[in-house]
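One structure below.
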Amino acid sequence: MCGIVGYIGEKPVYDILINGLKKLEYRGYDSAGVMIYNNELLIKKSKGKVSNLENLFSNKKDKKGTIGIGHTRWATHGPPNQVNSHPHVSNSGEISLVHNGIIENYDSIKKILLKKGYTFSSDTDSEVLVNLIEDIKKSKKIKLGKAVYYALKQVVGAYAIVAFDSTNPKELVGARLGSPLAIGVGESEYYFGSDATPFLEFTKRCVYLNDNEMVIVNLKKGLTLREIKKDSIIDPYVQELKQDIEDVEKGGYEHFMLKEIFEQPQSITDTFRGRLISPDEKISISSLKRHYETFSSANRIIFISCGTSWHSSLLGEYFFEELLRIPVEVEYASEFRYRNPVINKGDIVIPISQSGETADTLAAIKMAKEKGAFLYGICNVVGSSIARETHTGVYTHAGSEIGVASTKAFSCQISLLLLMGLALGEKLGTIDKKRYQRILNELYELPKTIEKVLKSNSLIESISENYLEAANFLYLGRGYHFPIALEGALKLKEISYIHAEGYPAAEMKHGPIALIDENMPVVVIATKKGNYHKVVSNIMEIKARGGKIIAVVSEGDEEIEQLADHIIEIPNCDELIAPILANIPLQLLSYHIANKKGCDIDQPRNLAKSVTVE
Ligand code: AGP
């Protein structure tokens with residue numbers, strides 16, 4: 001969702017802004033724009049890709065300047081077009097602003113400004129904000145920083161902003177509430193980014209703003225951080241980032257999604273690092289160790305999350321109830337936050353998120369915290385808002401995930417959930433020792449086993465050729481494979497725009513079976529163990545009605561081979577490991593179908609990588 005970049009220093013700003021915006025493309029956007037200051041403001045904006053914006057810079061002179069801000073917009077107020085794109089400029093032409101988030105009370109502020117004679121050319125809430133800042137600055141005769149401060153006291157909603165005032169062109173002002181903003185600290189230069197990727201190649205020193213904080217970076221005075229609510233100056237915490245620029249590049253793969261699918265063995269190795277050192281040693285997750293007592297006395301565990309992370313949560317429920325014997329509930333964060341859920345002391349709430357910035361998940365965390373729950377977060381992005389808002393938690397360490405469709409982050413989430421389930425089950429004495437050891441051995445080998453599954457890539461690519469014209473897909477799984485069926489369907493929808501539904505296999509006869517005919521491909525996850533024979537019966541029901549069957553089966557399965565149109569084998573394994581493996585062919589199937597259809601895989605239409613607005 002909207003991406004922000006900014007720079008103030010001595011380097012030419014054009015490349016920094018354009019390359020920075022490209023690094024943020026993964027967030028999802030529909031238009032882009034930049035402001036460059038070179039003794040006067042130059043604003044260029046365009047609908048569509050950053051490359052369209054670049055085409056507007058045919059004149060070299062326009063690229064000159066060492067201060068600027070840039071933005072990729074994901075439309076909320078008003079359609080994606082040139083006028084609604086950012087940066088927005090105040091009526092006097094002095095202040096320019098980029099904004100990610102939603103100003104909920106923009107309409108009432110707009111009415112007041114209209115009465116004062118302000119005019120507006122766009123439909124956006126952001127144009128209202130930049131004029132509010134201007135109005136305050138002029139009426140109080142104060143500098144930009146103070147004007148931003150007073151303006152933000154009046155607005156309701158979520159924002160990350162960067163503002164520039166051409167009457168004082170030595171500084172940039174940023175602020176955040178609910179949407180992320182990072183500041184890169186160089187030698188006499190400062191960078192802004194919605195995350196650190198736009199400036200990683202220049203500096204690894206980074207200040208992540210917290211909610212209700214604003215920053216003024218001034219070429220003479222340096223960086224000043226202020227808490228808006230308390231109106232106090234605070235010491236910035238400058239982090240040394242460990243991420244490398246290679247993490248956010250494609251490394252020879254056609255798409256980030258494919259790169260990330262193939263990175264999964266390494267990502268899971270990183271998830272397990274220091275936690276699963278060898279199958280003969282105890283699992284060591286430090287935040288769990290500190291809170292074994294809290295888990296052993298928990299009345300209930302509630303997972304909250306959205307999208308793919310919700311599918312992880314569902315599998316988390318299956319793992320935890322099996323291994324811990326503690327009641328577990330799974331909630332969509334967006335629903336949870338707006339109903340009045342019963343939360344008591346003794347409840348553990350586990351938010352799961354790749355980005356750590358999903359607005360609904362964050363809001364649900366805040367609500368659960370107020371009601372007295374203990375918050376144990378699972379997220380991927382280090383230092384993200386969710387990591388900071390929870391009492392404690394664990395990082396998945398999947399590495400940067402750029403493809404909008406989540407792949408490796410999901411695999412790391414579910415592998416970590418299983419590891420946590422084993423650690424807790426062993427501690428609580430709710431898992432049989434032999435079973436514990438068997439699953440732990442298999443988890444230890446998981447990266448290698450995934451390497452084997454990835455060898456099916458070309459087979460899956462050839463299977464995909466048969467389904468490019470399909471309008472619908474059904475995904476079926478039972479037990480531990482049901483969340484995987486949901487995830488498989490979501491992946492296909494997201495990147496190929498083919499309608500797909502995930503169902504528990506046995507539910508098919510309660511309705512979806514009516515859809516089955518020779519035009520309906522059905523992906524069935526049917527590995528040995530668990531409910532295997534029942535799923536075989538479901539496959540027969542599909543076959544009897546002419547449906548096309550793509551089955552993910554255990555190595556050596558001859559029964560389903562006779563029934564299915566295509567089979568994809570995964571190694572034989574414990575039924576708790578099987579969903580982690582079965583998911584991988586489904587990722588590849590979606591990828592190849594979408595790629596052959598010519599879809600924009602890493603930036604699917606209408607989608608944003610981190611959904612920072614409601
Ligand atoms: C995944 O492929 C999706 N793009 C999306 O459903 C995502 O999982 C969801 O928005 C939650 O994001 P989070 O994990 O960053 O909180």
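Ligands are counted one by one from 1 in listed order, and the atoms in each one are counted from 1 as well.
- Every atom of ligand 1 is numbered from 1 in the order shown, and the set under 4.0 Å from a heavy atom of A405 is 2 (O).
- For ligand 1 and S355, the ligand atoms under 4.0 Å from any heavy atom of the residue are 13 (P), 15 (O), 16 (O).
- What sits closest to atom 16 (O) of ligand 1 on the protein, heavy atoms only, is T358 OG1, 2.4 Å.
- Looking at E357 against ligand 1, nothing comes within 4.0 Å, counting heavy atoms.
- Not less than 6.0 angstrom separates the ring centroid of Y503 from the ring centroid of F482.
- Counting atoms of ligand 1 from 1 in the listed order, those under 4.0 Å from a heavy atom of S406 are 1 (C), 2 (O).
- In this structure, V404 is part of the shell of residues with a heavy atom less than 4.0 angstrom from ligand 1.
- When each atom of ligand 1 is checked for a heavy atom of S309 under 4.0 Å away, the hits are 8 (O), 13 (P), 14 (O).
- Scanning all protein heavy atoms for the shortest distance to atom 3 (C) of ligand 1 gives E494 OE2, 3.0 Å.
- Of the inter-residue distances, the one linking T72 atom OG1 with L21 atom CG reads 6.0 Å to the nearest 0.5 angstrom.
- The two residues Y497 and R605 come nearest to each other via the heavy atoms OH-N, 2.9 Å.
- Closest of all the heavy-atom pairs between P351 and T361 is CB-CG2, 3.9 Å.
- A heavy-atom distance below 4.5 Å is not found between the side chains of M257 and E494.
- Residue Q354 places at least one N or O, backbone or side chain, under 3.5 Å from an N or O of ligand 1.
- Nearest protein neighbour of atom 1 (C) of ligand 1, counting heavy atoms only, is T308 OG1, 3.1 Å.
- S287 contributes a side-chain N or O that, together with a main-chain N or O of G393, makes up a donor-acceptor pair within less than 3.5 Å.
- Environment of NZ in K49: crowded, with over 12 heavy atoms of neighbouring residues, nucleotides or ligands closer than 6.0 Å.
- Short contacts between ligand 1 and C306, defined as distances under 4.0 Å to a heavy atom of the residue, involve ligand atoms 8 (O), 9 (C), 11 (C).
- In terms of protein heavy-atom proximity, atom 10 (O) of ligand 1 is nearest to V611 CG2, 3.9 Å.
- When side chains are defined from C-beta on, F192 does not count as touching V5, because their heavy atoms never get closer than 4.5 Å.
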